[in-house]
Protein chains: 4
Amino acid sequence: MSEPGHNGIAADQLRAFVERLERVNAEIAERNSDKSEIYAEAKGAGFDTKIIRKIIALRTKDHAERKEEEAVMELYLSALGMS
Amino acid sequence: MSEPGHNGIAADQLRAFVERLERVNAEIAERNSDKSEIYAEAKGAGFDTKIIRKIIALRTKDHAERKEEEAVMELYLSALGMS
Amino acid sequence: MSEPGHNGIAADQLRAFVERLERVNAEIAERNSDKSEIYAEAKGAGFDTKIIRKIIALRTKDHAERKEEEAVMELYLSALGMS
Amino acid sequence: MSEPGHNGIAADQLRAFVERLERVNAEIAERNSDKSEIYAEAKGAGFDTKIIRKIIALRTKDHAERKEEEAVMELYLSALGMS
DNA sequence: AACGCATAAGTAAGAC
DNA sequence: GTCTTACTTATGCGTT
């Protein structure tokens, strides 16, 4: 018995889960760095990254959902006399 | 100039940036699915995922803190003209 | 119903919420100006504001961490059925 | 000389700055709590707080700036054939 | 006046 | 299904 404590098996399993999760997290962090680089590149090419972000969001967001939001927004704006 | 691609900006370049970003976003989404699977697996193995999340968060924070400490140290040293 | 104030939602109530929020935002903006002034003053007195910011951040984090530690402790105790 | 060390005066001054800043920070934190309460209240009254946040942002942002953004957005969208 | 940092807002996921 | 929590994005601030 070389494992510390009497929960050796569970501990090993736990450790494995934690390591797998941290590995995936590291990969996500890498991708986020990639994104930053791409945005920096776009900026260097003279694009407005703020707008690019909005376009990405626009394309990502479900169409129906967007329509719904706009409808509520208009309702509120009209209630405020801002339509 | 009414032909496609002459809207005053480099359309092809813009499209390329958008596509690269969406590709990276897709990869991140995949990893997030991976994480969900791992958590589900851990749960199936009888672990409390809430606690696993805490452990991950703590370890992440510890790492960040190390970096932070070093940064503060450097800042102070530089303020003392000892950098 | 085409008269003003009958767009289907409680316009007056909505307006009131918006105004209260904007008032609070204005107050926050004032405080931020105050902070800027204090930092300028400190700088004028010969202090390194970057370091002062670090000190503030560290103290803030310390306080937050105490809370956090307590929360983690509770979580663990509850997981052990000792809450 | 009753102050600790030989930088007593500077230390007192520094402490004063830090305390003033922390006081202002505390006030800002209070206001943020106020905001949370107001949003909760609005939610309780049946409003969609997500939209209210957007409206606040809309009103906060300078009109000219907003027009400018929309113009750039349209330009980009048209370049992508999404207009 | 552009860059990077630091805080704050908004969004999405998970727990109860 | 609601509610909170964690992560991502965005804005503002200070600096160079």
Side-chain angles (χ1 to χ4, degrees), chain A residues 21 24-25 28-29 31-36 39-40 43-44 46 48-58 60-62 65-66 69, chain B residues 21 24-25 28-29 31-40 42-43 47-58 60-61 64 67-68 71-72 75, chain C residues 21 24-25 28-29 31-40 42-43 47-58 60-61 64 67-68 71-72 75 78-79, chain D residues 21 24-25 28-29 31-33 35-36 39-40 43-44 48-58 60-62 65-66 69:
Chain A
L21 287 164
V24 176
N25 279 339
I28 290 174
R31 311 295 166 171
N32 277 320
S33 294
D34 290 349
K35 280 173 68 175
S36 299
Y39 277 115
K43 187 174 192 170
D48 183 335
T49 58
K50 190 172 171 180
I51 307 294
I52 294 184
R53 284 174 196 277
K54 288 213 165 124
I55 287 172
I56 299 277
L58 202 66
T60 302
K61 192 178 260 184
D62 182 65
E65 188 187 350
R66 197 158 63 247
E69 258 185 40
Chain B
L21 288 164
V24 176
N25 279 339
I28 291 174
R31 312 294 165 171
N32 277 322
S33 294
D34 290 348
K35 280 173 68 175
S36 298
E37 279 178 41
I38 298 172
Y39 276 115
K43 189 172 195 170
F47 290 101
D48 182 336
T49 58
K50 196 169 170 183
I51 292 191
I52 293 184
R53 284 173 195 280
K54 268 295 171 208
I55 290 171
I56 299 276
L58 284 176
T60 301
K61 188 155 57 165
K67 292 280 183 195
E68 174 70 9
V72 175
L75 176 63
Chain C
L21 287 164
V24 176
N25 278 339
I28 290 174
R31 312 295 166 172
N32 277 321
S33 294
D34 291 348
K35 281 174 67 175
S36 298
E37 278 178 43
I38 298 172
Y39 277 115
K43 187 173 194 170
F47 291 102
D48 182 338
T49 57
K50 198 169 170 182
I51 291 190
I52 295 185
R53 284 173 195 279
K54 271 294 172 208
I55 291 171
I56 300 275
L58 283 176
T60 302
K61 188 154 59 165
K67 293 281 183 195
E68 174 69 11
V72 175
L75 176 64
S78 120
Chain D
L21 287 164
V24 176
N25 279 339
I28 290 174
R31 311 296 165 169
N32 277 322
S33 294
K35 280 173 68 175
S36 298
Y39 276 115
K43 186 174 192 169
D48 182 336
T49 58
K50 189 172 171 180
I51 307 294
I52 293 184
R53 284 174 195 277
K54 288 214 165 124
I55 287 172
I56 299 276
L58 203 65
T60 301
K61 193 176 261 185
D62 181 66
E65 189 186 351
R66 198 158 62 247
E69 258 185 39

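Naming convention: chains lettered A, B, ... in sequence-line order (proteins, then strands); numbering from 1 in each chain. Keep in mind it's a predicted model, so treat the numbers as computed, not measured.
- Atom-to-atom, NZ of C:K67 to C1' of F:dT5 comes out at 18 Å; the value is rounded to the nearest Å.
- Remark: B:K43 pairs with no residue by the side chain to side chain donor-acceptor pair (under 3.5 Å) rule, at least two apart or across chains.
- Scanning for ring-ring contact (aromatic ring centres under 6.0 Å, His included) contacts around A:Y39 gives an empty result, with sequence neighbours left out.
- At the heavy-atom level, B:K61 lies nowhere under 4.0 Å from the strands shown.
- Taking the nucleotide of DNA chain F with the nearest heavy atom to each of A:I28 and A:K54, the more 5' of the two is matched to A:I28.
- Chain B approaches DNA chain E within less than 4.0 angstrom (heavy atoms of the protein), and the contacting nucleotides run 5' to 3' from E:dG14 to E:dC16.
- Legend: residues meeting side chain to side chain donor-acceptor pair (under 3.5 Å) with B:N25, ordered by chain and number and at least two apart, are A:K35.
- For B:D48, there are no side chain to side chain donor-acceptor pair (under 3.5 Å) partners, not counting sequence neighbours.
- When every heavy atom of B:R31 is checked against every heavy atom of A:V24, the shortest pair comes out as O-CG1, 3.4 Å.
- Annotation: salt bridge (Lys or Arg N to Asp or Glu O under 4.0 Å) contacts of C:R53 (sequence neighbours excluded): none.
- Residues forming a salt bridge (Lys or Arg N to Asp or Glu O under 4.0 Å) with D:E69 (at least two apart in sequence, or on another chain): A:K50, A:K54, D:K61.
- The separation between C:I52 atom CD1 and F:dC13 atom C1' is 16 Å, rounded to whole Å.
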Polar atom pairs (N or O), protein with nucleotides 14-16 of chain F, under 3.5 Å:
from   : atom 1 : to    : atom 2 : distance (Å)
F:dG14 : OP1    : C:S36 : OG     : 2.7
F:dT15 : OP1    : C:T49 : OG1    : 2.6

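- Across all strands, B:I56 comes closer than 4.0 Å to no nucleic acid atom at all (heavy-atom distances).
- For the pair A:R31 CZ and F:dC7 C1', the computed distance is 18 Å after rounding to whole Å.
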